[in-house]
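Every chain is numbered from 1 and lettered A, B, ... according to where its sequence line falls, protein lines coming before strand lines. As the structure is a prediction and not an experimental result, all values here were calculated from the model.
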Amino acid sequence: MKGDHALNATIIKSGEEIVKEFFEKVKKDSGLDQETREALFELFQEGNLKKASIKKKLDSIRNVALGEEDDEIKED
Amino acid sequence: MTKLKKIRVEGFRGARFPLQLDFTKGKRSMAIYGDNGGGKSTVTDVIEWFYTDRVGHLWREDCKEECLRNTHFPDDKDPVISIELSENTLSSEKSLTPQHRSKYSNTNQDFKNYLEQSNKERLFFRYGDILRFILKTKGDKRLEILNIIGYHLIAEVRAALISACNDIERDPRLRAVRDRLEENEAYLLENIGQVIATETELYSIGNNILEPLKLGINAVDEESFNTAIEATKTQSGIEQEKIKKSSKLSDFETALQHLKNEMKKIEEFDEFLKAYGEIIKDKQKIKKIDLKLLLEKGKDAIVDQIVAADVCPLCLSNIDGSKVLKQIGERIQELEAIGEEVEDAKNKKEYALAKLRRITESLDDVGKKRIEDDADYNKITELVEKLKASIEKTITDIETKFSNLQVIEKDRQIFEKEFDAVHKEIDKLILDSKAKISALAETKEQQLRIEIFNKIDNMKQKYTQNKKLSKELSVFEKQLETLTKIRDDFIRTQANALQRVLDGISGDVDTFYRAINPEEGVKNIRLEVIGEEGVEFKYVFHGKESHPPLKYLSESHLNCLGICLFLASVKLFNKKNKFFILDDVITSFDKNHRIPFLRLLQDYFSDYQVLLFTHESFWYEIMNAEMKQFGWLFNDVSWSIEDGIHLKKSIVDIKERIDYKLNQGILDVGNDLRKLLEQILKQTCFNLEARLKFRFNDDNEQRMVGELLSALRGKLNKEKCDIIDYPIFKRLGTSSLVTSRTSHDSPHFESRGDIDQVRKDIEEFENLFVCPECQKCVCLEYADKAGKLVKCKCGEKKLTWAFA
């Protein structure tokens, strides 16, 4: 039989594997903003990597950061 | 690897009574012949529903589980499908309850894993699936390929990252933060002469401003800075009430200034009006977007041949299917482009409305900060209320008119006119406030102290505000930068992963396509990622790089491409199952591509179990002639309302068919006998190179028996072959098989005796050329020139041959 050529040698990763590997790498990439990359990794792990969830999570990070800023100002 | 042993169906789709496909212990491939509506597709539906819990072509038409049950099947019984596989532990029944719930009899984990894996594999291919893919836009092709290869998660993540990035980039809050920062910096530049970046700068500038007051306080930190500001008040000798009023006037002035700045920048509104103006130029064009759904449904209906091939599903008139599909594809693309324009205008509308809302917030702020009980501010109060009402009406108007595609009259000029009155009043009030603040001082020194107090207080406010805004902007920008980088990296990662798969598939698509269409000028077919959004077939057409396939390939070639893509996907993705169904997919193939297709199956898929369905008897006969030798099974399927789907062993072998008919007492075998003789003559003429008059294309196939016999006799005469004088030549020459009035009239036989005689003659004739040992016809390929003989493959059968 012909045809047992290139394809059998091609290692095809599943979509899940590709996404997982990607976000594992993102989590460790110190060149990226820590909170943002951790937030995205968390959403990926929860299986909740959707536009609305990303926006909500990033909103909340900003609010927390601004809250801390307010606290600093108050403390000052 | 798993193959099918038996499929049993009862009460499902067309199968009213038990229907069984037995692939025998050899798990052999099978060809099934049946008319359209004869029940072939029920077998495909069975496989699809068993493995995926849905039947795509039905689900697309909104016909779901309720359509799976045979309408004549007893109400007290559940339709059942039973699939027996080469691995016994994976065999299972699947039933459908009256509540349309499905249930597998096999509940073990291995079976669940097997189903999960099978869902990722390519097990069936229907006619409708072929063009559906080829005609998709390149963006849809990318999505379809991602789905086929189980990369839907990648598609989802990619879409989520892209749209989250876009949304954050255009977040009105981000714009507001940037604008406010800019405004405060402009204020600081104008009033302090520089932008303040750090606390140290703030205190240092503060000390310089306070210097003329000789407070004796050196501000070095927050505490000393506040003490210094407080001292400007307490040591001024001015009544605290006046200081408070001055502070309020200063705040009001800031609010007015902010409102003025907000009103200056209404680019968002301009951008929206421009985009909206473009889309409502041709309202009909926008309304046509609603046609997209209809066109997509129409495309599916034509591709699925819901009515019939080349018939319009709406008006039932005859159409050129492939041409209409091409036109529909182009119209859908146009509508998608219009849809994108509308989406862009919709986004711009949201930004414009956010801007208008920011102006109303500034108006509110002015209202809150105005000095009460002072008639000088009545006018601004009135103007602010009026403008606020006007903007709120505009917001409602924009929403309504946008959804009704009505012209929005309000433009920048109208706004500027409305703003103008407020601007003038603001300018007046700013001067007025300054005057009022000056008036609060009784001496020049007090005036200087008030000025310094307001200056340093405002500076502190702006700095504090900017510190917070900068922090927010910095978080925003860090998030955006990170998200953008992640998005870009992800797009690259998915494009690379996709291209790896495409490369894997492309090599096989190209090989398969060229095996079916050799020497036709199409080479190097491959699927490539195009830009960020698409996947497209590319190929070299007579030496020229080309895409998309519709550009040069005919419908038959497009179909061929679709089938090759399916077969390449089978090779790549089917890790567990070693079987697949091709449901009537060869229909549009040119006749001269069909045998190469069967040879492709044999060359590249001989270790697979193939189920090949067709409604064309001619094609079925070709399959029989080519594939029976490789152990394929042949079955006929038919359907009637009384019996549902009925399966019987096929009688495509002409001799078997004649026997079958005669055993049933059917004497209508004249046409079969003529075909049998024709087949023997064609093979013999071919093997012995008997010359016939040249004819073009299909006409070459339509040779009459008499014509073939005469050519053969001529050749035997020329080669002085000793069998030429046998009486059988004479008998056949005068038989009704040869002397029928027109080339393919069916000769009619009155009695079984006549038929038996003709069969005997044909057999005698065949025995002159066909070896009883190897069953092969003598052939010039096995010529013995020295011995002046032509022989069969094994050499047993010999004819004298002069080699003239």
*For Ile54(A), is it the side chain, the backbone, both or neither that has a heavy atom under 4.5 Å from a heavy atom of chain B?*
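Answer is side chain: those atoms of Ile54(A) sit under 4.5 Å from chain B.
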*Does any heavy atom of chain A fall under 4.5 Å from the side chain of Lys478(B), the backbone, both, or neither of them?*
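Both parts, backbone and side chain.
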*Under 6.0 Å from the six-membered ring centre of Phe41(A) and within 45° of its axis: does the NZ or CZ of Lys25(A) meet both?*
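No; the conditions do not both hold, so Lys25(A) does not lie above the ring face of Phe41(A).
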*In terms of heavy-atom proximity below 4.5 Å to chain A, should Ile168(B) be classed as side chain, backbone, both, or neither?*
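For Ile168(B), the side chain is the part near chain A, not the backbone.
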*State plainly whether the residues Asp489(B) and Arg492(B) are in salt-bridge range, i.e. N to O under 4.0 Å.*
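Yes.
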_Could you report the tightest heavy-atom contact between Pro518(B) and Ala515(B), atom names first, then the distance?_
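Scanning both residues completely, I find the closest heavy atoms to be CD-O, 3.8 Å.
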*Check whether NZ of the Lys or CZ of the Arg Lys3(B) lies under 6.0 Å from the centre of the six-membered ring of Phe579(B) and within 45 degrees of that ring's axis.*
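Pair Lys3(B)/Phe579(B) does not count as cation-pi.
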_Ion pair check, Asp179(B) and Arg175(B), cut-off under 4.0 Å_ =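 So Asp179(B) does not pair with Arg175(B) through a salt bridge.
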_Please classify the contact of Ile18(A) with chain B as side chain, backbone, both or neither, using a heavy-atom distance under 4.5 Å._
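Interface part for Ile18(A): side chain.
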*Of the backbone (N, CA, C, O) and the side chain (C-beta and beyond), which part of Ser163(B) lies under 4.5 Å from a heavy atom of chain A, both, or neither?*
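Both the backbone and the side chain of Ser163(B) come within 4.5 Å of chain A.
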*Is any NZ, NE, NH1 or NH2 atom of the basic residue among Asp167(B) and Lys55(A) found under 4.0 Å from an Asp or Glu carboxylate oxygen of the other?*
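A salt bridge is present here (some side-chain N lies under 4.0 Å from a carboxylate O).
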*Sort out for me which of Ile486(B), Asp171(B), Val475(B) touches chain A most, counting heavy-atom pairs under 4.5 Å.*
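Of the candidates given, the most pairs with chain A belong to Ile486(B).
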*For the candidates Arg62(A), Arg37(A), Glu21(A), which exhibits the highest count of non-hydrogen atom pairs separated by less than 4.5 Å from chain B?*
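Sorted descending by pairs with chain B, the first entry is Arg62(A).
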